[in-house]
**Student:** 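My questions all concern the structure below.
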Amino acid sequence: MKKILVRADDLGYSRGVNYGIHDAVYNGFINNVGIMVNMPITEAGFNMIKDEPIDFGQHTDITNGKPVLPADQVPSVVDENGYFLRSKVYRDNIKAGKPDFINLEEVVAEIEAQYHRFLELIGRKPDYFEGHAVASPNFVKGLRIVAEKYDLPFLDFTFDGKPLKFKKQTTFISPFDFMDSDYDPKRTLRRLMNEASDSWTNIPMMVCHPGFLDKYILETSSLTTPRTLEADMAIDQALMAEIKANKIQLIRYSECE
């Protein structure tokens with residue numbers, strides 16, 4: 001069968017996101033979910049879907065909420081109130097041509113603390129291990145260090161469309177259509193269905209952020225309307241029928257070779 005991987009990021013971000021992902025899993029076809037373990041309502045979101053036959057990944061977060069470690073142990077990634085610096089700070093730093101301000105030892109310690117929090121919450125290692133996209137070389141380096149230390153299935157991220165290596169044989173191609181002003185997730189998924197093959201190389205990977213909009217999302221996230229469109233896509237019965245008719249296998253990270 002032709003292979004596509006579809007995942008939902010940001011479980012724990014907000015109540016609206018938790019309920020959107022729950023709907024996308026329970027009533028839809030999402031079978032990979034990335035968890036932000038540092039957020040106050042992560043456990044509530046996990047409890048909503050913990051018994052579903054899906055894969056869980058560590059969606060390592062250093063731009064939302066507070067760190068798992070005390071703020072004074074990771075001063076390079078927090079503001080004066082002890083909250084993670086927002087992603088805009090990283091983007092502005094890159095645009096200004098300034099060097100990476102993240103301290104590698106600090107971010108490794110926080111990534112490792114989030115991994116241990118993941119183990120406490122889920123009860124097992126993540127099926128995939130990656131990061132909430134941040135323009136910081138030291139963050140990516142820190143993820144690789146922790147992944148190697150604990151033998152975790154690390155998934156890199158890219159903004160240039162190059163294939164992403166995963167495990168021994170698998171590579172993914174991931175579009176970033178959700179950043180487009182005319183984004184239509186159903187159109188994107190249908191395109192990926194046409195591009196899919198039965199190979200373990202260059203598997204189309206659609207990274208989604210399904211969710212319902214609440215006050216916290218509207219105040220903190222630049223990604224709003226696409227969340228609602230993806231929540232609707234994931235439960236579209238006609239689209240699910242197309243997936244079946246086209247003999248598409250919606251794979252899980254744990255199935256990759």
Side-chain angles (χ1 to χ4, degrees), residues 7-14 16-17 34-40 42 57-114 129-147 154-162 164 174-183 185 205 207-211 213-230:
R7 87 168 192 245
D9 284 353
D10 297 354
L11 187 79
Y13 195 142
S14 75
V17 169
I35 303 177
M36 291 177 164
V37 299
N38 66 303
M39 302 297 280
T42 299
Q58 179 175 322
H59 190 52
T60 311
D61 173 31
I62 62 167
T63 64
N64 303 280
K66 291 184 175 183
V68 171
L69 293 175
D72 61 4
Q73 293 185 23
V74 286
S76 68
V77 294
V78 297
D79 62 20
E80 63 276 9
N81 298 312
Y83 287 89
F84 278 132
L85 297 170
R86 304 295 300 161
S87 55
K88 184 178 185 300
V89 177
Y90 293 91
R91 293 195 298 269
D92 290 347
N93 190 68
I94 290 292
K95 288 178 182 177
K98 298 179 180 179
D100 192 353
F101 55 78
I102 285 183
N103 178 281
L104 180 60
E105 290 185 2
E106 291 175 14
V107 81
V108 166
E110 174 61 21
I111 294 168
E112 193 167 8
Q114 291 193 25
F129 180 81
E130 45 85 39
H132 188 66
V134 172
S136 163
N138 278 346
F139 177 51
V140 179
K141 187 175 181 179
L143 288 168
R144 291 196 178 103
I145 290 172
V146 175
F154 176 63
L155 178 66
D156 208 340
F157 49 83
T158 180
F159 300 101
D160 58 11
K162 292 182 180 178
L164 296 171
S174 182
F176 274 81
D177 297 15
F178 62 84
M179 304 296 290
D180 298 340
S181 59
D182 63 344
Y183 176 55
M205 178 176 69
V207 179
C208 300
H209 308 80
L213 301 185
D214 55 28
K215 184 173 181 289
Y216 186 74
I217 284 293
L218 293 174
E219 289 178 347
T220 64
S221 178
S222 59
L223 195 66
T224 53
T225 301
R227 295 183 187 272
T228 65
L229 296 176
E230 290 171 345

**Student:** Any chance you could measure Tyr13, atom OH, to His132, atom NE2, to the nearest 0.5 Å?
**Tutor:** 6.0 Å
**Student:** Looking at Phe154 and Ala147, what are the two nearest heavy atoms and their distance?
**Tutor:** CB-CB, 3.7 Å
**Student:** Do you know which two heavy atoms are closest between Ile111 and Phe129, and how far apart they sit?
**Tutor:** CG2-CZ, 3.7 Å
**Student:** Strictly distance-based, threshold 3.5 Å: is any side-chain N or O of Glu106 a donor or acceptor partner for the main-chain N or O of Ser76?
**Tutor:** yes
**Student:** Distance check, rounded to the nearest 0.5 Å: His59 atom NE2 versus Asp10 atom CG?
**Tutor:** 4.5 Å
**Student:** Side chains of Thr225 and Tyr183: is there a donor and an acceptor less than 3.5 Å apart?
**Tutor:** no
**Student:** Is there a side-chain contact between Arg86 and Asn64 in this structure, where contact means two heavy atoms from C-beta onward sitting under 4.5 Å apart?
**Tutor:** yes
**Student:** Given side chain to side chain contact (heavy atoms under 4.5 Å, CB included), test Phe139 with Thr60 step by step and report yes or no.
**Tutor:** CA-CA 10 Å; Phe139 177 51; Thr60 311; 4.1 Å; yes
**Student:** Phe178: what forms a ring-ring contact (aromatic ring centres under 6.0 Å, His included) with it, not counting sequence neighbours?
**Tutor:** Phe176, His209
**Student:** Heavy atoms, side chains only, cut-off 4.5 Å: are Ile62 and Ile102 in contact?
**Tutor:** yes
**Student:** Find the distance between CG (Leu155) and CE (Met205) and round it off to the nearest 0.5 Å.
**Tutor:** 5.0 Å
**Student:** Can you tell me how far apart OG1 (Thr224) and CG (Leu229) are? Round to the nearest 0.5 Å.
**Tutor:** 9.5 Å
**Student:** Going by salt bridge (Lys or Arg N to Asp or Glu O under 4.0 Å), name the residues that satisfy it together with Arg91, two or more places apart in sequence or in a different chain.
**Tutor:** none
**Student:** Between CD of Glu105 and CD1 of Ile145, what distance do you get to the nearest 0.5 Å?
**Tutor:** 9.5 Å
**Student:** I need the Asn93 CG to Phe101 CZ distance, nearest 0.5 Å.
**Tutor:** 5.0 Å
**Student:** What pair of heavy atoms forms the shortest contact from Phe84 to Asn38, and how long is it?
**Tutor:** CE1-ND2, 3.6 Å
**Student:** Under 4.0 Å between a Lys/Arg side-chain N and an Asp/Glu carboxylate O for Arg144 and Asp156?
**Tutor:** yes
**Student:** Would you please name every residue forming a side chain to side chain donor-acceptor pair (under 3.5 Å) with Tyr83, sequence neighbours left out?
**Tutor:** none
**Student:** Measure the shortest side-chain to side-chain distance between Asp214 and Ile217 over non-hydrogen atoms and say whether it is less than 4.5 angstrom.
**Tutor:** yes
**Student:** Where do Leu104 and Asn138 come nearest, in terms of heavy atoms and distance?
**Tutor:** CD1-O, 3.5 Å
**Student:** Apply side chain to side chain contact (heavy atoms under 4.5 Å, CB included) to Val17 and Leu11, showing your working.
**Tutor:** CA-CA 6 Å; Val17 169; Leu11 187 79; 5.7 Å; no
**Student:** Taking only residues two or more places apart in sequence or in another chain, which ones pass salt bridge (Lys or Arg N to Asp or Glu O under 4.0 Å) with Arg7?
**Tutor:** Asp9, Glu130
**Student:** Is it the case that the side chain of Thr220 and the backbone of Tyr216 share a donor-acceptor pair, with hydrogens and angles ignored and the cut-off at 3.5 Å?
**Tutor:** yes
**Student:** Determine all donor-acceptor pairs shorter than 3.5 Å in which one atom belongs to a side chain in residues 65-73; sequence neighbours excluded.
**Tutor:**
none

**Student:** Could you list the residues that satisfy salt bridge (Lys or Arg N to Asp or Glu O under 4.0 Å) with Lys95, not counting sequence neighbours?
**Tutor:** none
**Student:** Provide the closest heavy-atom pair for Val207 versus Glu230 in the form atom of the first, atom of the second, distance.
**Tutor:** O-OE2, 4.2 Å
